[in-house]
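First listed ligand is number 1; within each ligand, the first listed atom is number 1. Numbers for residues simply follow the sequence, beginning at 1. Here the structure is a predicted model, which means the values were calculated and not measured.
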Amino acid sequence: MNETRTPADQPRPNPGPVLGIESSCDETAVAVLDGAGRILGEAVFTQSAEHARFGGVVPEIAARAHLQRLGGMVRGVLAEAALSPADLSGVAATAGPGLIGGLIVGASFGKGLALGAGLPFLAVNHLEAHALTARLPGLFPHPPAYPYLLILVSGGHCQCVAVEGLGRYRRLGTTLDDAVGEAFDKAAKLLGLPWPGGAHLERLAAQGDARAVKLPRPLLGRVGCDFSFSGLKTAVAQAVGKGFRREDIAASFQQAVAAVLSDRARHAAAMLPEATALVVAGGVAANQAVRAALAEATPLPLLAPPLRLCGDNAVMVAWAGLERLRAGQRDPLGIAPRPRWPLGELSPP
Ligand code: KG4
Ligand code: ZN
């Protein structure tokens with residue numbers, strides 16, 4: 001059962017170190033930040049090798065891998081930070097959205113650690129953690145001021161969010177079908193590339209002609225900033241069937257995705273004229289064509305965190321926990337992980 005969150009009634013401006021745990025998909029990750037948000041220790045274990053032969057993340061395998069790794073990784077990261085659990089001032093773990101098995105593993109571990117050491121526990125929303133990463137001290141000369149736009153482009157999520165304050169998020173648009181990383185992975189598979197295929201496809205595209213294959217640009221110009229990629233995937237399948245060069249299909253696909261994302265970002269900026277920046281997160285942010293298109297899409301500065309902080313990681317979870325702890329928040333140990341947990345549900349009505 002979900003218990004409600006405690007309101008922000010006792011701000012704690014100067015908490016000590018916070019440990020973060022991420023286990024919502026196929027990255028097992030642990031990090032410790034000091035009270036100012038400096039990284040004292042971090043580790044990420046990417047499970048993709050364990051899922052590759054199935055061509056996608058297998059939830060059961062993911063949950064078991066999190067269980068096998070997490071304890072050792074928490075010990076290792078605490079040792080790297082030269083801290084014991086008693087030195088922490090909070091434990092934050094991703095509690096959704098994501099695969100329920102992994103969420104249970106990570107959140108239960110976090111709760112156990114918090115209970116054992118008598119610390120506050122913070123159940124972090126994974127999307128909120130991506131949204132707040134750009135505010136991590138030292139990442140950019142000036143952290144973005146609220147409100148700013150987040151475009152989240154990963155294997156599991158594809159959405160545009162107005163980040164209006166801590167705990168105040170408004171989803172401006174989302175995908176009607178596949179996430180953009182999923183579209184890259186499916187197109188890559190049609191081109192005979194290994195999973196996860198995004199980076200392989202980008203390398204192949206570098207040798208191709210982006211004008212060679214006419215591909216659709218789903219929802220281009222449409223009001224709002226929803227996304228759709230399944231038509232593009234079908235068009236790639238047809239282009240493969242017609243015998244176009246693989247390099248040319250890859251380049252044309254990448255160009256179509258970049259054009260769509262840039263158009264959607266432009267619409268998002270129009271929906272939030274007060275926005276101070278466009279922040280990009282998620283594994284697809286690694287793609288240079290996508291980055292270049294987003295940088296040109298709006299007059300806003302494009303803030304792209306370093307790749308290890310764009311993909312799934314625990315620094316972002318610890319940071320979201322620290323921000324919430326500073327605001328006087330904590331969650332009851334009875335809080336349940338949520339496989340579906342829309343960002344909008346964190347905001348006050
Ligand atoms: O955020 P992320 O690391 O984790 C999950 O969503 O699980 O994103 C992974 C996604 C995959 O779909 C992968 O193919 C895609 O990001 N990706 C890329 C590139 N690198 C990773 N897509 C396009 N170009 C890339 N260079
Ligand atoms: Zn993510």
Side-chain angles (χ1 to χ4, degrees), residues 20-29 44-52 55-59 61-62 65-66 94-99 102-103 106 124-134 150-159 161 174-175 178-191 193-206 208 227 229 232-233 236 250-251 253-258 260-261 279-294 304-317 319-320 339 341 343:
I21 295 173
E22 160 60 35
S23 60
S24 65
C25 190
D26 62 340
E27 264 86 29
T28 316
V44 179
F45 172 73
T46 298
Q47 303 173 359
S48 46
E50 293 172 55
H51 302 287
V57 178
V58 183
I61 293 177
H66 289 306
T94 302
L99 299 172
L103 293 173
V124 169
N125 180 299
H126 180 88
L127 307 171
E128 175 176 44
H130 276 301
L132 297 176
T133 304
L150 169 76
I151 182 158
L152 179 55
V153 286
S154 75
H157 305 284
C158 187
Q159 47 185 272
V161 178
T174 188
T175 182
D178 296 341
V180 60
E182 207 176 345
F184 264 100
D185 294 340
K186 287 178 177 174
K189 186 176 179 189
L190 290 164
L191 294 170
L193 298 168
W195 180 90
H200 296 285
L201 190 147
E202 182 174 17
R203 276 192 292 276
L204 189 63
F227 306 82
F229 295 103
L232 197 48
K233 175 193 63 191
V236 166
F253 169 82
Q254 184 174 273
Q255 170 119 326
V257 171
V260 166
L261 290 178
V279 172
V280 63
V284 179
N287 188 285
Q288 293 303 324
V290 165
R291 275 193 191 216
L294 290 176
L307 291 181
R308 66 177 224 291
L309 297 179
C310 267
D312 288 348
N313 68 87
V315 170
M316 67 178 191
V317 178
W319 172 247
W341 187 4
L343 257 188

**Asked** Tell me: protein heavy atom nearest atom 15 (C) of ligand 1, and distance?
**Response** V284 CG2, 3.9 Å
**Item:** Side-chain (H130) to main-chain (A281) donor-acceptor, under 3.5 angstrom
**Value:** no
**Request:** List the closest protein heavy-atom neighbour of atom 22 (N) of ligand 1: residue, atom name, distance to the nearest 0.1 Å.
**Result:** G198 CA, 3.4 Å
**Message:** With heavy-atom distances below 4.5 Å as the criterion, would you say the side chains of K233 and L190 are in contact?
**Reply:** yes
**Item:** Short N or O distance, G181 and ligand 1, threshold 3.5 Å exclusive
**Value:** yes
**Request:** Let me see the working for F184 and F229 under ring-ring contact (aromatic ring centres under 6.0 Å, His included), right down to the final yes or no.
**Result:** CA-CA 9 Å; F184 264 100; F229 295 103; 8.5 Å; no
**Prompt:** How far is atom 5 (C) of ligand 1 from its nearest protein heavy atom, and which residue and atom name does that atom have?
**Reply:** G155 N, 3.7 Å
**Asked** Would a 4.5 Å heavy-atom cut-off, applied to side chains only, mark L127 and Q159 as touching?
**Response** yes
**Request:** Measure from the side-chain N and O atoms of H66 to the backbone N and O of C25, and report whether any donor-acceptor pair falls under 3.5 Å.
**Result:** yes
**Fill in**
Ranking N287, V257, V180, N313 by closest non-hydrogen atom to atom 23 (C) of ligand 1, top hit is N287
**Request:** Could you tell me the residue and atom name of the protein heavy atom closest to atom 26 (N) of ligand 1, and the distance to it rounded to 0.1 Å?
**Result:** E202 OE1, 2.7 Å
**Fill in**
the protein heavy atom lying closest to atom 14 (O) of ligand 1 turns out to be D185 OD1, 2.5 Å
**Request:** Say whether, by atom type as modelled, one donor and one acceptor occur between the side chain of E202 and the main chain of Q288 under 3.5 angstrom.
**Result:** yes
**Metal site the Zn ion (ligand 2): N/O/S of H130 inside 2.8 Å** = yes
**Prompt:** What N, O or S atom of D312 is found closest to the Zn ion (ligand 2)?
**Reply:** OD1
**Prompt:** Quick one: nearest non-hydrogen protein atom to atom 1 (O) of ligand 1, plus distance?
**Reply:** G283 N, 2.9 Å
**Geometric N/O contact G311 with ligand 1, under 3.5 angstrom** = no
**Prompt:** Can you tell me if NZ on K189 sees more than 12 non-hydrogen neighbours from other groups inside 6.0 Å?
**Reply:** no
**Asked** With no hydrogens and no angle check, is any side-chain donor or acceptor of R291 less than 3.5 Å from a backbone partner on A285?
**Response** yes
**Message:** Can you tell me how far apart CG (N313) and CZ (R308) are? Round to the nearest 0.5 Å.
**Reply:** 8.0 Å
**Message:** Using a distance threshold of 2.8 Å, state whether an N, O or S atom of H126 lies below it from the Zn ion (ligand 2).
**Reply:** yes
**Prompt:** Is there any N or O on G282 that sits under 3.5 Å from an N or O of ligand 1?
**Reply:** no
**Asked** Of the protein's non-hydrogen atoms, which lies at the shortest distance from atom 4 (O) of ligand 1, and what is that distance?
**Response** D312 OD2, 3.9 Å
**Prompt:** Can you list the atoms of ligand 1 that are under 4.0 Å from a heavy atom of G156?
**Reply:** 6 (O)
**Asked** Has the side chain of N125 got a donor or acceptor atom that lies under 3.5 Å from a matching backbone atom of W341?
**Response** yes
